[in-house]
Amino acid sequence: MIEVTGVPTAKDLARVLPPRDRLAQGPVAVIECFQRIPCNPCYTACKFDAIQEFADINDTPTIKHENCNGCGLCVSKCPGLAIFVVDETYSDHEALVKLPYEFLPVPAKGAEVDLLDREGRVVGRGRVERVQNAKVQDRTLVVSVVVPKELSMEVRNIGMGDRG
Ligand code: SF4
Ligand code: SF4
């Protein structure tokens, strides 16, 4: 139960994951926001009519995956660090996951990193492809990390330990 553990269940995730055919078309946002709170910066950040206007500010977001181009503008705007962009078309065997990141040190492009799941468990190793840290992001970095394709819906953070 997410209220107790902070970790979504498989049933929670099934409600928000993009359809397989959309994932096969390229980068798309995955919004893992499950609790009703007064919050909507994801909606105001999206310039592509993908995240729909909230009828009630306490609603959880609704996204039209077909309108999302994976730009990632919403990723750094979410105070809950609940939005990721997944690109399963990155290569034959790898996917790209854009994730919000607020720790130090800032990872460097090309760094080999631990791949962490939603519970913080190490599930593999990956490579930092890009680090976005514009002023407008207000210190929430967006890190693009290359992961084995089969982990695209598992990896939600990175760890550098003393190897980054
Ligand atoms: S990734 Fe871009 S297009 Fe997709 S929901 Fe976020 S802001 Fe909108
Ligand atoms: S900005 Fe983040 S926490 Fe707020 S409603 Fe959108 S997805 Fe949920």
Side-chain angles (χ1 to χ4, degrees), residues 1-91 94-103 107 109 115-120 126-147 149 151-158:
M1 231 181 137
I2 195 163
E3 293 83 358
V4 177
T5 65
V7 179
T9 63
K11 201 171 161 188
D12 293 327
L13 291 169
R15 288 192 282 119
V16 300
L17 295 187
R20 273 275 132 222
D21 58 345
R22 176 62 191 83
L23 284 164
Q25 290 168 10
V28 63
V30 181
I31 304 184
E32 301 186 7
C33 176
F34 301 101
Q35 290 189 287
R36 287 176 56 79
I37 52 170
C39 181
N40 74 349
C42 53
Y43 163 66
T44 56
C46 182
K47 308 300 179 209
F48 300 94
D49 194 30
I51 300 175
Q52 301 300 291
E53 188 168 5
F54 290 43
D56 176 334
I57 194 153
N58 293 293
D59 289 346
T60 54
T62 300
I63 179 170
K64 284 186 178 174
H65 289 115
E66 65 272 27
N67 289 359
C68 174
N69 63 7
C71 70
L73 286 173
C74 54
V75 175
S76 65
K77 294 297 182 187
C78 170
L81 308 183
I83 308 180
F84 309 85
V85 170
V86 172
D87 181 4
E88 292 196 345
T89 67
Y90 180 77
S91 78
E94 296 165 319
L96 195 71
V97 178
K98 286 185 188 177
L99 49 86
Y101 193 80
E102 294 186 337
F103 296 107
K109 180 178 177 180
L115 301 174
L116 310 182
D117 69 8
R118 294 177 182 85
E119 295 182 61
R127 183 181 77 254
V128 173
E129 171 84 9
R130 188 178 180 201
V131 179
Q132 293 166 267
N133 188 15
K135 197 169 180 185
V136 67
Q137 294 173 218
D138 193 23
R139 289 166 290 176
T140 300
L141 281 59
V142 177
V143 176
S144 300
V145 60
V146 180
V147 311
K149 196 172 283 197
L151 296 179
S152 68
M153 290 303 170
E154 302 297 323
V155 175
R156 291 298 179 262
N157 206 342
I158 57 171

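Ligands are counted one by one from 1 in listed order, and the atoms in each one are counted from 1 as well. Each residue takes its place number in the sequence, starting with 1. We use all heavy atoms of the structure for the numbers below, so side chains are in, but hydrogens, waters and symmetry mates are not.
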Quick one: nearest non-hydrogen protein atom to [atom], plus distance?
{"atom": "atom 5 (S) of ligand 2", "result": "C39 O, 3.3 Å"}
{"atom": "atom 2 (Fe) of ligand 2", "result": "C78 SG, 2.3 Å"}
{"atom": "atom 3 (S) of ligand 1", "result": "N69 OD1, 3.4 Å"}
{"atom": "atom 4 (Fe) of ligand 1", "result": "C68 SG, 2.3 Å"}

So, applying side chain to side chain contact (heavy atoms under 4.5 Å, CB included) with F103, which one of I158, V143, N157 is it?
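Only one of I158, V143, N157 forms a side chain to side chain contact (heavy atoms under 4.5 Å, CB included) with F103, namely N157.
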Close-contact set for ligand 1 against [X] heavy atoms, below 4.0 Å:
{"X": "G72", "answer": "1 (S), 2 (Fe)"}
{"X": "F48", "answer": "3 (S)"}
{"X": "I51", "answer": "5 (S)"}

Nearest non-hydrogen partners of [X] and [Y], listed with the distance:
{"X": "S152", "Y": "V97", "value": "O-CG2, 3.9 Å"}
{"X": "V131", "Y": "K109", "value": "CG2-N, 4.5 Å"}
{"X": "P27", "Y": "V85", "value": "CB-CG1, 3.9 Å"}
{"X": "H65", "Y": "R22", "value": "O-NE, 2.9 Å"}

Could you walk me through whether R118 and L13 pass the side chain to side chain contact (heavy atoms under 4.5 Å, CB included) test, one step at a time?
CA-CA 11 Å; R118 294 177 182 85; L13 291 169; 3.6 Å; yes
Nearest 0.5 Å, what's the NZ-CG distance between K77 and L73?
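Answer for the NZ-CG pair, K77 versus L73, is 8.5 Å.
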Looking only at heavy atoms, is any part of C42 under 4.0 Å from ligand 2, and if so is it the side chain, the backbone, or both, or is it neither?
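Within the 4.0 Å criterion, C42 contacts ligand 2 through backbone and side-chain atoms alike.
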Between I31 and ligand 2, which part of the residue brings a heavy atom under 4.0 Å of the ligand: side chain, backbone, both or neither?
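Near ligand 2, I31 shows its side chain, while the N, CA, C and O stay back.
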Which atoms of ligand 2 have any heavy atom of P79 under 4.0 Å away?
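Contacts of ligand 2 toward P79, numbered from 1: 1 (S).
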Enumerated ligand 2 atoms positioned under 4.0 Å from heavy atoms of C33:
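Reading through ligand 2 atom by atom, the close ones are 3 (S), 5 (S), 7 (S), 8 (Fe).
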Atom 8 (Fe) of ligand 1: which of P27, C74, C46 has the nearest heavy atom?
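The nearest heavy atom belongs to C46.
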Evaluate whether atom CZ of R130 has more than 12 neighbouring non-hydrogen atoms of other residues, nucleotides or ligands under 6.0 angstrom away.
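No.
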